[in-house]
2 protein chains.
Amino acid sequence: MAEELNDRSQNILEVIVEDYIASAEPVGSRAISRRHSFNLSPASVRNVMSDLEEMGFLCSPHTSAGRIPTDKGFHYYIDTLLQVRDLSKEEESRLQKSYRFKDMKMEDIMQEVGRVMSGLSNYTGLVMAPKFASTVFRQIEFVRLSHGRLLVIYVSETGLVQNKVITADPSLTARDLEQISQYLNREMTGLSIPKVREKIARELKAERIRYDALQQQALELSSAALQEKTEDLVFVSGTSLMLEQPEFSTPERMKRIIHALESKKTLIELLDRSQAAQGVQVFIGSRSEHTEIEGCSLVTASFSSKKGAIGTLGVIGPVRMPYSQVIPIVDFTAQLVSRILEREVE
Amino acid sequence: MAEELNDRSQNILEVIVEDYIASAEPVGSRAISRRHSFNLSPASVRNVMSDLEEMGFLCSPHTSAGRIPTDKGFHYYIDTLLQVRDLSKEEESRLQKSYRFKDMKMEDIMQEVGRVMSGLSNYTGLVMAPKFASTVFRQIEFVRLSHGRLLVIYVSETGLVQNKVITADPSLTARDLEQISQYLNREMTGLSIPKVREKIARELKAERIRYDALQQQALELSSAALQEKTEDLVFVSGTSLMLEQPEFSTPERMKRIIHALESKKTLIELLDRSQAAQGVQVFIGSRSEHTEIEGCSLVTASFSSKKGAIGTLGVIGPVRMPYSQVIPIVDFTAQLVSRILEREVE
DNA sequence: TGTTAGCACTCTACCATGATGAGTGCTAAC
DNA sequence: GTTAGCACTCATCATGGTAGAGTGCTAACA
């Protein structure tokens with residue numbers, strides 16, 4: 001991996017990547033020597049390009065087209081050549097103003113963040129809300145529905161609200177439920193979900209609990225209520241922007257990419273994977289794995305409050321993406337969301 | 001509109017529509033006289049077809065292609081010729097088994113209904129959840145967030161849960177909120193939202209309220225909480241199925257239809273419109289209005305519980321749709337959802 | 001030794017051409 | 001009223017030929 005390129009090769013690779021990002025067309029030697037002041041003739045450029053192709057950074061679609069960067073070429077560009085300038089204060093505040101979060105609940109914020117990020121970048125926005133298990137218990141309430149069914153309303157420290165229906169002993173009265181929720185809210189507030197689960201398990205085993213039917217029911221209810229949600233919350237915004245990209249202009253590609261964005265399976269996998277990492281991550285859709293998003297790149301960043309609640313957001317677009325613009329947008333948005341979650345706490 | 005067609009013309013129109021639905025290709029005179037036992041030569045069929053074209057039921061894409069039905073032709077077919085057989089008991093129970101609604105909350109049910117309907121019909125499923133204003137008050141709870149912000153949890157008679165964040169006097173204690181929600185739950189349960197609003201307005205004007213600050217706050221809070229939600233809940237499932245239809249096989253059409261399904265604006269408009277009507281409705285995408293869903297048909301039906309809470313569901317697909325299969329699916333699903341809402345109540 | 005001009009070569013995109021075939025409309029005969 | 005026959009139309013497809021862009025190679029040059 002630690003391949004070295006001399007200055008000239010680097011420069012030429014850089015302008016090829018950038019020209020290709022701008023035009024989506026293969027880049028020819030003549031264009032390079034003319035548009036950029038290298039003082040090199042096309043023939044010399046061709047020699048370098050030939051070397052770069054040999055090394056796997058470039059490829060040519062056919063004999064008499066220009067060169068386009070390979071995934072490896074993009075990787076090298078992003079890792080070594082790309083200069084991501086931070087946003088100026090001005091831009092940041094302009095960006096911040098795009099978001100209006102007053103009086104919005106968690107889900108709406110996620111949705112809105114995706115929409116704005118998509119609008120700013122002109123690519124499809126992705127937001128994966130914090131996983132249930134990564135949240136911190138704040139409050140639980142029960143609402144009786146029919147047939148001994150209960151609606152559980154769970155609120156995390158960061159204001160994420162989740163509802164779930166569970167079945168329970170129909171003989172529980174409203175008074176019982178009130179006591180149960182009071183008990184739980186007293187005991188569990190401030191604990192992370194894994195800790196809450198642990199505590200429930202421990203207490204259910206304890207001797208004394210045998211004598212307090214209500215407490216036992218409280219624990220059993222909450223155990224059911226805090227079961228892992230199978231479904232992840234992923235918000236996709238600006239799907240149709242994807243179809244504007246020339247790399248997805250054929251019906252087959254359109255079908256495939258829409259399908260991938262609709263099923264969300266691959267997206268969740270990739271967002272999950274970038275969950276752990278710090279800062280902005282760039283995934284370049286490799287040909288081998290995840291064929292349904294072949295030709296796509298993901299630029300992602302995680303957000304979190306101090307009290308856990310980790311989520312991931314980003315944009316997905318063609319590999320040929322203006323990373324120098326997209327990365328700061330994603331980066332700043334993730335930080336912004338983190339701050340919002342923070343503020344939500346108190 | 002009350003145009004009369006003789007038997008032969010009707011038969012031929014019917015066959016053309018059905019062949020076209022099956023094949024998506026223009027239908028020629030020869031195919032008709034051969035495949036269907038009319039004992040008519042192609043030439044005779046041609047005469048009839050020529051008449052039908054004259055009357056606006058058919059059109060030919062070009063001189064030497066067969067004929068395809070116009071929107072008017074489809075309309076006539078649906079209104080006059082189409083025989084929708086009801087589902088057999090067997091099919092109904094099979095269909096019913098596709099749905100698993102145990103322990104699901106309203107939103108999930110809507111989502112799931114859309115998914116199953118889409119899967120059964122092989123077209124894109126649409127579900128518009130009951131509008132907030134059409135629901136009946138069952139329960140309200142308040143959860144304190146930071147900075148005097150409150151999370152309002154509203155549960156309707158049919159189990160529809162809605163959350164909303166409102167700003168409120170930060171000095172309200174948990175105890176206050178409990179009392180407020182108790183007061184509201186005592187006073188408002190069983191009333192429709194418009195009635196609740198009326199009652200709130202009336203009581204706020206009443207003299208005695210001046211002396212009960214808490215009650216006043218309760219009323220003001222609920223007034224804020226029960227504000228109309230601007231956003232309608234529309235669930236679209238199986239978007240990518242649309243792209244499999246030959247009528248949307250070109251990139252341009254794909255873009256347009258995906259865009260239309262994503263923005264939902266037109267969909268909401270059409271679903272709203274069919275809200276009022278009884279039974280199954282068929283909208284044929286006219287060329288003039290709603291150009292973004294040109295070439296599409298909507299088959300919709302409304303569902304409701306006895307206590308209000310009206311929603312609409314259906315499928316969207318190309319005008320060339322096997323209505324005889326789709327209509328019973330939509331019809332039955334709407335009835336099924338109505339029954340589920342009913343059961344939810346008690 | 002690195003750079004460059006020149007040139008033959010390759011390949012795609014584009015356009016015109018012509019053949020094929022499906023389907024119609026018309027006419028005349030039944 | 002129905003039908004066979006036939007000329008006509010038009011989309012589709014394969015063919016071939018051209019223009020243009022870009023490369024690779026070679027030989028000359030600094």
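Both backbone and side-chain heavy atoms feed into the values below; hydrogens, waters and symmetry mates do not. Chain letters run A, B, ... following the sequence lines, proteins first, then strands; residues in each count from 1.
Listed candidates were D:dA4, C:dT24, D:dG24. Nearest to the side chain of B:S41 is D:dA4. Of the candidates C:dC11, D:dG24, C:dG25, C:dC11 carries the atom nearest the A:H62 side chain, counting heavy atoms from C-beta on.
Atom-to-atom, CG of A:L52 to P of D:dT23 comes out at 13 Å; the value is rounded to the nearest Å. In this structure, B:E25 places its CD atom 14 Å from C1' of C:dG21, rounding to the nearest Å. One atom, CG of A:N39, and another, P of D:dA30, lie 18 Å apart when rounded to the nearest Å. Taking atom CZ on B:R30 and atom C1' on C:dG25, their separation rounds to 16 Å, with Å as the unit. Going from atom CD1 of B:I12 over to atom P of C:dT24 covers 12 Å, rounded to whole Å. Rounded to whole angstrom, the span from the CZ atom of B:R46 across to the P atom of C:dG23 amounts to 10 Å. Separating the CD1 atom of B:I16 from the C1' atom of C:dG23 is a distance of 13 Å, rounded to the nearest angstrom. Rounded to a whole Å, the CG atom of B:D7 is 16 Å from the P atom of D:dG1.
D:dA28 is paired with C:dT3 under the criterion used here, namely a Watson-Crick or G-U wobble arrangement in which both key atom distances are under 3.5 Å. Summarising the base pairing, D:dG20 is matched to C:dC11 through a Watson-Crick or G-U wobble pair whose two defining distances lie under 3.5 Å.
Contact between the side-chain N/O atoms of B:S29 and the OP1/OP2 oxygens of C:dG23 is not found at any separation under 4.0 Å. Note on A:R34: every side-chain N or O is 4.0 Å or more away from OP1 and OP2 of D:dA21. Within the 4.0 Å cut-off from OP1 or OP2 of D:dT23, at least one side-chain nitrogen or oxygen of A:R67 is found. Side-chain nitrogen and oxygen atoms of A:S64 include none within less than 4.0 Å of the OP1 or OP2 phosphate oxygen of D:dA21. Proximity of B:T63 to the phosphate of D:dC10: a side-chain N or O atom is located under 4.0 Å from OP1 or OP2.
Counting non-hydrogen atoms of other residues, nucleotides and ligands closer than 6.0 Å to CG of A:N6 gives a total above 12. For A:H259, the NE2 atom counts as loosely surrounded, since its 6.0 Å shell holds 12 or fewer non-hydrogen atoms of other residues, nucleotides or ligands.
For the residue pair A:S60/A:E53, the side-chain donor-acceptor check at 3.5 Å is satisfied. In summary, the side chains of B:Q281 and B:T300 do not present any donor paired with an acceptor at a separation below 3.5 Å, with no hydrogens or angles considered.
The 5' end of DNA chain D is approached more closely, in terms of each residue's nearest nucleotide, by B:L40 than by the other of B:L40 and A:S60. For the pair B:N47 and B:P61, both in contact range of DNA chain D, the more 5′-proximal nearest nucleotide belongs to B:N47.
The two atoms that bring A:M117 and A:G314 nearest to each other are CE-O, 3.2 Å, heavy atoms only.
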